[in-house]
Q: 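Handing you a structure now.
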Amino acid sequence: MMNNRAEFPLSEIGRPPLEPAALSALLREALALRGLSPERAGPTDWYRAAGDALRRHLAPGWQRADAAPGKRVAYLSMEFLMGRMLGDLALNLSMTQALDAALGEFGVSLDTVTAQEPDAALGNGGLGRLAACFLDSLSTVNCPATGYGLRYEHGLFAQGWEAGRQTERPETWLDQPQPLMVEGRAAAVPVGFGGQVTERGGRRVWQPAERLIARAHDMPVAGWGGAWVNTLRLWEPRAVAGFDLPRFSAGDHVAASGGDSFARALGRVLYPDDTTQAGQELRLRQEYLLCAASLADILARVKAAGHAPLDMAALWAVQLNDTHPALAAPELVRLLVDGEGLSFDAAMEVTQQSLNYTNHTLMPEALESWSTWSMGRLLPRHMEIVEQIDDWHATRHPRRPASTALVAQDRVRMGNLAFVASGRVNGVSALHTGLMRRTVFADLDRLHPDRIVNQTNGITPRRWIASANPPLAALLTDALGDGWQSDLERLSGLEAHLDDAGFLDRIGAVKQTAKDRCAGWLAGQGLRVDPQAMFDVQVKRIHEYKRQLMNLLHAVALWQDLREGRGPDHPRVKVFGGKAAPGYAMAKSIIRLIHDVAQVVNADPLTRDRLQIVYPANYNVSMAEVLIPAADLSEQISTAGTEASGTGNMKFGLNGALTLGTLDGANVEMREHVGAENFFLFGMTAEEALARAAVPDHARSAIGQSAALRDVLQLIAEGRFSPDEPDRHHAIVDMMWNHDPYLCASDYESYATAQRQVEAAYADPARWRRMSALNTARLGYFSSDRTIRGYMAEIWGIAPNG
Ligand SMILES: *Cc1c(COP(=O)(O)O)cnc(C)c1O
């Protein structure tokens with residue numbers, strides 16, 4: 001259903017950016033409201049004042065976007081990996097310079113002020129960062145939307161090193177004031193757990209045993225130009241009655257706050273892994289909290305606008321980011337049947353027309369399922385409804401294969417639940433969507449042939465180019481004029497400049513500036529690198545399928561080559577970054593090996609001016625903003641068929657890094673856009689990888705055919721990198737010889753060959769610069785604005801606006 005908001009002209013919403021003088025008045029006022037004067041204000045005070053001033057400025061846009069008529073999007077996600085927000089907000093409001101000038105009047109620099117803000121790390125990696133990029137794009141394309149998530153007290157853990165091992169400290173973003181967060185803009189929502197279901201007057205009645213309330217914390221999300229300001233609404237669980245005063249007065253101080261600590265436990269932590277299923281009841285409670293609070297809020301908004309609950313599907317498109325919010329299906333049915341008196345069939349119709357589901361993984365260990373026992377105990381009414389949905393589906397498809405059942409072997413399959421209850425189901429790259437159709441959802445796809453669609457991921461060019469790489473942004477604006485920031489396909493205009501040697505020199509200078517800055521930042525971490533070296537970067541979560549190990553094995557081989565007088569003349573810095581899930585032993589072993597290899601290689605006087613390996617701790621959005629613009633080479637080397645899309649690959653390519661990658665995820669489409677000659681391809685295809693993994697002894701036979709790999713594994717096995725404990729890396733060596741599930745050995749020679757092609761290309765600076773510029777010029781398609789327009793047209797039925 002299309003609608004249009006012509007009655008709501010955008011020109012009324014946008015506001016011109018403030019002049020520095022007006023902004024400094026707002027800053028003074030913000031300080032004054034806290035009883036401070038500029039003379040007495042410290043960096044944190046200025047950070048709060050700047051946040052308050054920007055919020056004041058965007059207020060009219062926020063008020064009006066909230067009240068805008070027409071269909072809206074609810075983006076439900078357990079993760080939003082936002083990073084810092086102040087600088088990005090100033091940028092989108094076109095007030096970076098004005099803010100810098102206004103602060104300058106008080107002798108304060110914008111950089112100092114933005115550095116006060118902790119990263120909002122409410123996500124693990126790609127899935128959460130996608131949600132953050134989508135919020136920026138939803139506002140930029142003027143699509144009315146609310147992001148719904150949880151306000152975790154501790155985001156993703158802060159990573160540190162201790163003798164080469166990962167340490168995990170709780171992250172404490174809420175210790176800092178949050179000037180961009182506004183509490184209580186919406187009514188708090190009661191949420192129940194446990195208890196029983198009884199029958200009363202022909203109706204099912206759920207009487208939960210425990211209750212808490214979810215309080216809304218809202219963050220404004222201004223799009224490019226600041227014309228449209230959507231909301232990120234994060235729920236905080238709270239005890240209903242606070243605490244038990246009579247009990248407290250009677251001296252039972254701890255038990256008196258029992259309800260409070262139960263509620264707090266729920267909002268305490270983000271689960272630090274999105275690649276395996278966390279079989280924890282607390283996680284199920286968190287997922288339900290998100291769904292229950294968000295849907296109650298949405299239904300309240302439907303009714304407040306004078307509509308019937310039956311109209312919900314015409315007014316809201318609900319997007320489920322992975323299966324984590326799949327309980328939205330039984331919850332919506334419950335609200336409509338038990339609360340509003342609709343029939344089950346009518347409720348199912350509304351549900352299917354409202355919900356849509358994005359799949360992010362095909363890996364069996366990540367596919368969510370919950371035991372019917374846990375779900376039945378914690379959410380008895382929802383368990384009934386899930387079974388009812390399953391029956392409803394079975395009745396409509398009497399010959400459906402067993403694989404399509406929602407409940408099997410005493411478990412609820414959340415992927416099937418999300419699929420069956422949704423109008424559209426999407427994958428996140430062309431390859432991934434194809435594999436979805438052929439593998440996990442093959443049978444459901446046959447029953448519902450039009451349901452699966454593809455929406456290839458994208459990234460926001462505001463944060464990942466304009467804000468992270470100002471010199472590149474200035475060059476783009478010089479060459480193309482303003483406007484590329486919200487119309488990224490304009491980057492193709494760069495191709496007209498590629499025969500201009502002066503332009504390519506500037507491309508080179510922009511990259512060198514970013515590398516100098518990055519080298520300075522690394523030096524601040526105690527890591528010294530040569531800023532003239534090739535920056536070869538692999539930053540992402542540490543996971544076997546992403547194959548950081550293969551990259552490291554190649555680094556060892558390169559070191560050997562250099563020691564023996566072979567290998568490239570040009571120095572190279574290998575940068576690793578990323579966190580391992582705390583319970584993921586093999587990932588932690590790989591981290592330890594990277595450190596051990598780095599220590600030996602970096603200390604070798606024969607090679608240390610030509611090869612360095614660094615691994616700065618605590619990869620997060622802010623670190624990505626420093627590293628990505630500086631990269632010459634982007635390592636996107638996952639086993640084909642394992643990475644659904646990747647979005648790091650897009651950030652790197654747009655910032656002029658060349659990709660060394662497999663035919664996996666969105667790499668496939670990136671290569672089509674940049675042209676095969678500007679992409680370093682290696683490795684098996686997804687089909688070949690599948691076949692290869694089924695060959696008995698594939699690892700052993702591949703190692704047998706690669707002398708270089710054999711030598712590298714031998715060095716590790718004999719303790720060359722861990723002389724104090726020669727056997728330390730035994731588990732990795734053993735895994736490589738005997739299991740190698742992600743085919744590092746089988747792809748190794750192909751990878752090493754591609755690395756030699758990289759060296760040859762890098763030896764010709766003019767050629768490299770041209771290839772680099774072509775990457776920026778040809779990847780405009782990978783803007784998340786394009787992705788969001790795709791969702792609007794093909795999933796949500798929302799017409800473009802403005
Ligand atoms: C983009 C991003 C990711 C995702 O990277 P991939 O290489 O696609 O896995 C993870 N973490 C952070 C901080 C990011 O910015």
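FYI, side chains are in, hydrogens and waters are out, and symmetry mates aren't considered; it's all heavy atoms of this structure. Nothing here was measured: the structure is a model prediction, and the numbers come from that model. Every number for a ligand or one of its atoms is a count from 1 in the order of the listing.
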Q: Look only at interatomic distance and state if Thr647 has a nitrogen or oxygen under 3.5 Å from any nitrogen or oxygen of ligand 1.
A: yes

Q: Show me which atoms of ligand 1 lie under 4.0 Å from any heavy atom of Gly125.
A: 10 (C), 11 (N)

Q: With the threshold set at 4.0 Å, does a side-chain nitrogen-carboxylate oxygen contact exist between Glu635 and Lys574?
A: yes

Q: Please say whether Gly648 places an N or O atom under 3.5 Å from an N or O atom belonging to ligand 1.
A: yes

Q: Would you say that more than 12 heavy atoms from the other residues, nucleotides or ligands in this model lie under 6.0 Å from the CD of Glu365, or not?
A: yes

Q: Trp464 versus ligand 1: do any nitrogen or oxygen atoms come within less than 3.5 Å of each other?
A: no

Q: Residue-level breakdown please: for Lys651 versus ligand 1, do any non-hydrogen atoms fall below 4.0 Å on the side chain, on the backbone, on both, or on neither?
A: side chain

Q: List in chain and number order the residues that pass ring-ring contact (aromatic ring centres under 6.0 Å, His included) with Trp521, two or more places apart in sequence or in another chain; answer none if no residue qualifies.
A: none

Q: Any idea which part of Ile459 is under 4.0 Å from ligand 1, heavy-atom wise: side chain, backbone, both or neither?
A: neither

Q: Below 3.5 angstrom, do we get any N/O pair linking Lys540 and ligand 1?
A: yes

Q: Less than 4.0 Å between a side-chain N and a carboxylate O, is that true for Lys588 and Glu168?
A: yes

Q: Tell me whether Arg541 reaches ligand 1 (any heavy atom closer than 4.0 angstrom to a ligand atom).
A: no

Q: Could you tell me which atoms of ligand 1, counted from 1 in the order shown, lie closer than 4.0 angstrom to a heavy atom of Val621?
A: 13 (C)

Q: Which heavy atom of the protein is the closest neighbour of atom 9 (O) of ligand 1, given with residue, atom name and distance?
A: Lys546 NZ, 2.8 Å

Q: Please determine whether side chain to side chain contact (heavy atoms under 4.5 Å, CB included) holds for the pair Leu658 and Asn678, giving the CA-CA distance in whole Å, both sets of side-chain angles, and the decisive distance to 0.1 Å.
A: CA-CA 7 Å; Leu658 272 60; Asn678 300 303; 6.0 Å; no

Q: Thinking salt bridges, do Arg692 and Asp747 make one under a 4.0 Å N-O criterion?
A: no

Q: Can you tell me which residue and heavy atom of the protein come closest to atom 11 (N) of ligand 1, and the distance to 0.1 Å?
A: Tyr619 CE2, 3.6 Å

Q: Between ligand 1 and Phe652, can you find any atom pair, the residue atom being a heavy atom, that is separated by under 4.0 Å?
A: no

Q: Do Tyr791 and Phe134 have ring centroids that are under 6.0 Å from one another?
A: yes

Q: Are any of the side-chain nitrogens in Asp785 or Arg462 under 4.0 Å away from the carboxylate oxygens of its partner?
A: yes

Q: Just which atoms of ligand 1 are under 4.0 Å from any heavy atom in Gly126?
A: 3 (C), 4 (C), 10 (C)

Q: Is the shortest distance from a Lys or Arg side-chain nitrogen in Arg778 or Glu489 to a carboxylate oxygen in the other one below 4.0 Å?
A: no

Q: List ligand 1 atoms under 4.0 Å from Gly646, heavy atoms only on the residue side.
A: 8 (O)

